[in-house]
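Beneath this line is the structure, given in structure tokens, with notes to follow.
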Amino acid sequence: MEKQSMRAYMKSLEEKGQLLICQREVNPRFEMGALVKRFNGTKAILFNKVKGYQMPAVAGICGDRQRYADLLSVDSEALVFPLMNAVAGPKPYKVLSSGPVKENIVRRGIDVGRMMPVPTFHEKDSNPYITAGIVAIKDGSTGKVHTSVRRLQVLGGNRLSVLIESPMLLDQVMDYDKRNKPLELAVILGYDPIFMVASQVNSQIFGLDKYEVDSALRGEPLELVKCETVDLLVPAHAEMVIEGIIPPKVREMEGPFGEMAGYYGGGTMQPIMEITAICHRNNPIFQFNFPSSSEHVLPNGLMREMFLYQHVRMMVPAVKAVHLPTVGGCRFHAIISIRKTNEGDGKSAILAALASNKDVKHVVVVDEDVDVFNPRDVEWAIATRTQADRDVVIIPGAKGSPLEPTHELRGVTAKMGIDATAPLGSLTGKFERTKIPGWDKFRPEDYFV
Ligand SMILES: Cc1cc2nc3c(=O)[nH]c(=O)nc-3n(C[C@H](O)[C@H](O)[C@H](O)COP(=O)(O)O)c2cc1C
């Protein structure tokens, strides 16, 4: 079904005025990324003329919350629910004999840096990086397919380095090292937001086949085809698939690279990929995202919100909504609204949220009348419902994220919770919000031209 393709999705964005088309020539070194960063996921951008390349490039496809809500037919505040359903009820995918991604198969003379317009993003980045590649690897013990975005550094010719931080996948790489066997993988480029968000299920916690999660989310089987040189299935409608192996015990310097939190990550030795074939559609479009933009953090953040919601609900059943704002990398800041049924619910929600994930650093808990997606509303609650001596909780020296630079010891962090809820039962008394009857009806656009 062509509707599973990125092209079809781009067309729908164009019809809604959400795709910008750049006809002016852009340089893949800094210029292309700078333009993407300015829009921060609010628009998708197609670059038709990239200096030195025939292949166009697109970014911003997966960077907007409302687009996920539209695809999953829910309000953007309610995204946790379809994600929860897909994780709880994965559905079968479908294998086709061939598909558009097989229109061209390249096995010889592969040179990634020459073939595709891979951007260089920041001043101190070590090399151009593929940032939107979804890596598919078969789980050695279960045969389930694990997909995840891993940044790939262009090393020259048919070689890329792969940054793998998932403990589960790292174990698999090390196991293949020990057995001196190559690990097969395929990198998928040119997909829609559903394929992206399905890849972000935390594999350690859920252990699912991510193609089955995708099929459940899109409400129809994801269509797949067999790879040419490795034993893996990949989406039939992708723009491009890079096949290859991770050779055992080979490591190359990876980084520095401007990362998700807006700082450089230093160089470390990482596994590499040796490419065995590239399959692509006719006139393929290269997909990328800007590191630290909304597109870089939101897809993973949506899955994190789902997990946070479940975790807090175990302590405080009447949790209304949760939000991990993109400005905190969709992980450092959590905002939670609850309907308080017991005094102490605010503190319990803080404890649950801080314990839900090492990366959650600051938590604000508000009442049900506060919109967790509106920073002004949240700040109002902190300003008018918090007394610092009794409502701020600080936990020193907890395990945290290594991806921001404030710690004395990398990865060890103080955590903080702010209980910005009003005392139980006071929302209709001392803490009742002022209201204007008919507020929703009095819309400025009906009065002023
Ligand atoms: C745009 C984007 C870039 C990412 N880059 C990396 C990366 O370079 N290395 C990595 O280990 N995880 C990266 N992630 C996170 C993983 O894709 C994510 O943790 C994974 O899909 C969930 O599976 P896991 O539990 O096996 O990690 C990235 C996520 C997104 C959305």
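All ligand and atom numbering here is 1-based and tracks the order in the structure. Since the structure is predicted, the reported quantities are computational estimates derived from the model, not experimental observations.
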Looking only at protein heavy atoms, what sits closest to atom 5 (N) of ligand 1 is V149 O, 3.6 Å
inquiry  = So, 4.0 Å and heavy atoms of Q200: is ligand 1 close enough to count as a contact?
reply    = yes
Under 3.5 Å, is there a donor on one side chain and an acceptor on the other for E243 and T229?
yes
**Asked** In terms of side-chain heavy atoms, does N289 have a donor or acceptor partner in H296 at a distance below 3.5 Å?
**Response** yes
Looking at A198, P167, S166, the heavy atom closest to atom 27 (O) of ligand 1 belongs to S166
Logged contact type for V201 with ligand 1, heavy-atom cut-off 4.0 Å, is backbone
Do Y176 and E184 pair up side chain to side chain, a donor and an acceptor below 3.5 Å, judged on atom types alone? no
for atom 20 (C) of ligand 1, nearest protein heavy atom and its distance come out as S148 CB, 3.6 Å
Paired with F288, the side-chain contact (heavy atoms from CB on, under 4.5 Å) test is passed by just one of I61, V36, L189, namely V36
Tested for salt bridge (Lys or Arg N to Asp or Glu O under 4.0 Å) against E2, the lone hit among R7, K11, R281 is R281
### Query
In terms of the angle between their ring planes, are H333 and H362 parallel, tilted or perpendicular, with boundaries placed at 30° and 60°?
tilted
Here the atoms of ligand 1 under 4.0 Å from any heavy atom belonging to N202 are 25 (O)
Query - contact_flag L169 ligand 1 heavy-atom lt 4.0 Å - result: no
(request) Measure up the F373 and H323 rings against each other and bin them: parallel (under 30°), tilted (30 to 60°), perpendicular (over 60°). (result) tilted
Nearest non-hydrogen protein atom to atom 11 (O) of ligand 1, with distance, is R150 NH1, 2.5 Å
min-distance protein heavy atom vs atom 19 (O) of ligand 1 -> N300 ND2, 3.9 Å
If you scan protein heavy atoms around atom 9 (N) of ligand 1, the nearest is L163 O, 2.9 Å
Query - Aromatic centroids of H280 and F286 separated by under 6.0 Å - result: no
Ranking S203, C62, G133 by closest non-hydrogen atom to atom 25 (O) of ligand 1, top hit is S203
Could you tell me whether D175 and R179 have a side-chain N and a carboxylate O separated by less than 4.0 Å?
-> yes
Looking at E379, I'd like to know if its CD atom is crowded, meaning that more than 12 non-hydrogen atoms belonging to other residues, nucleotides or ligands lie closer than 6.0 Å. no
Honestly, for Q172 the part within reach of ligand 1 (heavy atoms, under 4.0 Å) is neither
Nearest non-hydrogen contact to atom 7 (C) of ligand 1 from the set E295, H146, R151 belongs to R151
Atoms of ligand 1 under 4.0 Å from any heavy atom of I164, numbered from 1 in the order shown, are 11 (O)
Any heavy atom of N289 under 4.0 Å from ligand 1? The part involved is side chain
Looking only at protein heavy atoms, what sits closest to atom 31 (C) of ligand 1 is H296 O, 3.5 Å
among protein heavy atoms, the one nearest atom 21 (O) of ligand 1 is S199 O, 2.6 Å
Exercise. Judged by modelled atom types alone, do E404 and T406 share a side-chain donor-acceptor pair under 3.5 Å?
Worked result: yes
